[in-house]
Amino acid sequence: MTPDSREFRGWTRKHMLSLGELSREEILHVLDTAEGFKEVSTRSIKTVPTLRGRVVVTMFFEESTRTKMSFMLAAQRLSADVIDFSEKMSSTQKGESLLDTARNIEAMGVDMMILRHPAAGASYHLSRQIGCCVINAGDGTHAHPTQALLDLFTIREKKGRIEGLNVAIVGDIAHSRVARSDVQGLIKLGAKVTLVGPPTLVPRAFEQLGCRVTHDFRRVLPEMDVVNMLRVQSERITSNVFPSTREYVRLFGLDDEAVQLCRPDVLIMHPGPVNRGIELAATVADGPNSSILRQVTNGLAIRMATLFLCQQAAAA
Ligand code: CP
């Protein structure tokens, strides 16, 4: 029996590590739970007592604006006590390992750890070694489950469905944890995914994920319901993967001229941070088809749902 064919009997996971391990029903359950939490953010009093008395720690070993702040705000909206671990000012600088750091923090009575780390598998590693809930906020090039969940939530909200939609994910797929997590979620929910970019960043091997691969962005644009533009992750690239930024922008950037090739109601997405003038023209990033800030708003509801469900499973 595959995870997808199991009958869904309610959320039982205390960790959120990857969309690869979630069934279609579990993904839909998170999205449905987030609908309720989105409503909370429209009230004049935006807090609920769901996690009162619980302690949530954010542990970010890589830079973040959106994920870290929305997890902190989500935990505060759920009335948790929130503490932020600062790597630069911590004893990891004196050689303490990730596991020892986590064990010491857990010994203070922390209930949930939200971890971003450059090593793929870091969250899995901690989840097997410590007792509290572990939420993966991005591990190397491997997974970014809550980004994919907020992307799915936004597509469903704007398009009314996910099944049968044509979705292009464009750019640096090879180094993108967002792309991997988005692909897993989109395919489980029945979308048709096309990966687009230069051969060095989108090798044919990605077809094994169940996607179409193309290097001709302009040709596939007219078919797309959703176009998700990704940042070129220069911090993870060690060799020249395209001749020049100018060439990349010409072939794989989305500017006003390229948008003219799209369906009028195309949904343009980007997980952020955006490099304006590279993957997206500023006019497109701020244009009527862009859902970039809506994605950020929805991220708060998805992270509230994730914290709520995982803590509930841990307490059961
Ligand atoms: N999308 C995303 O993960 O953004 P941050 O790196 O700012 O968290």
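What you are looking at is a predicted structure, and each value in this text was computed from that prediction instead of being measured. Remember, it's 1-based here, ligands and their atoms both numbered in the order they're listed.
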Of all protein heavy atoms, the one nearest atom 4 (O) of ligand 1 is R66 NE, 3.0 Å

Quick one: does E62 get a heavy atom under 4.0 Å from ligand 1?
no

Ring-ring centroid check F71 F60, cutoff 6.0 Å:
no

One thing to verify: whether K192 and E223 come together as a salt bridge, which I'm taking to mean a side-chain N less than 4.0 angstrom from a carboxylate O.
no

Under 3.5 Å between any N/O of G272 and any N/O of ligand 1: does that happen in this structure?
yes

Identify, for atom 1 (N) of ligand 1, the protein heavy atom at the shortest distance, and state residue, atom and that distance.
P271 O, 2.8 Å

Please report which non-hydrogen protein atom sits nearest to atom 6 (O) of ligand 1, along with the residue it belongs to and the distance in Å to one decimal place.
R116 NH1, 2.8 Å

Is the shortest heavy-atom distance from the side chain of I302 to the side chain of L31 under 4.5 Å?
yes

What protein heavy atom is closest to atom 7 (O) of ligand 1, reported as residue, atom name and distance in Å?
T65 N, 2.8 Å

Is it possible for you to say whether F308 and F153 belong to one hydrophobic cluster, with membership spreading through side-chain heavy-atom contacts below 4.5 Å?
yes

Can R276 and D286 be counted as an ion pair, charged N to O under 4.0 angstrom?
yes

Ligand 1 atoms nearer than 4.0 angstrom to some heavy atom of Q147 are 1 (N), 2 (C)

Considering only NZ, NE, NH1 and NH2 on the basic side and carboxylate oxygens on the acidic side, decide whether R103 and E106 come within less than 4.0 Å.
no

To the nearest 0.1 Å, how far is atom 2 (C) of ligand 1 from its closest protein heavy atom, and which atom is that?
T67 OG1, 3.5 Å

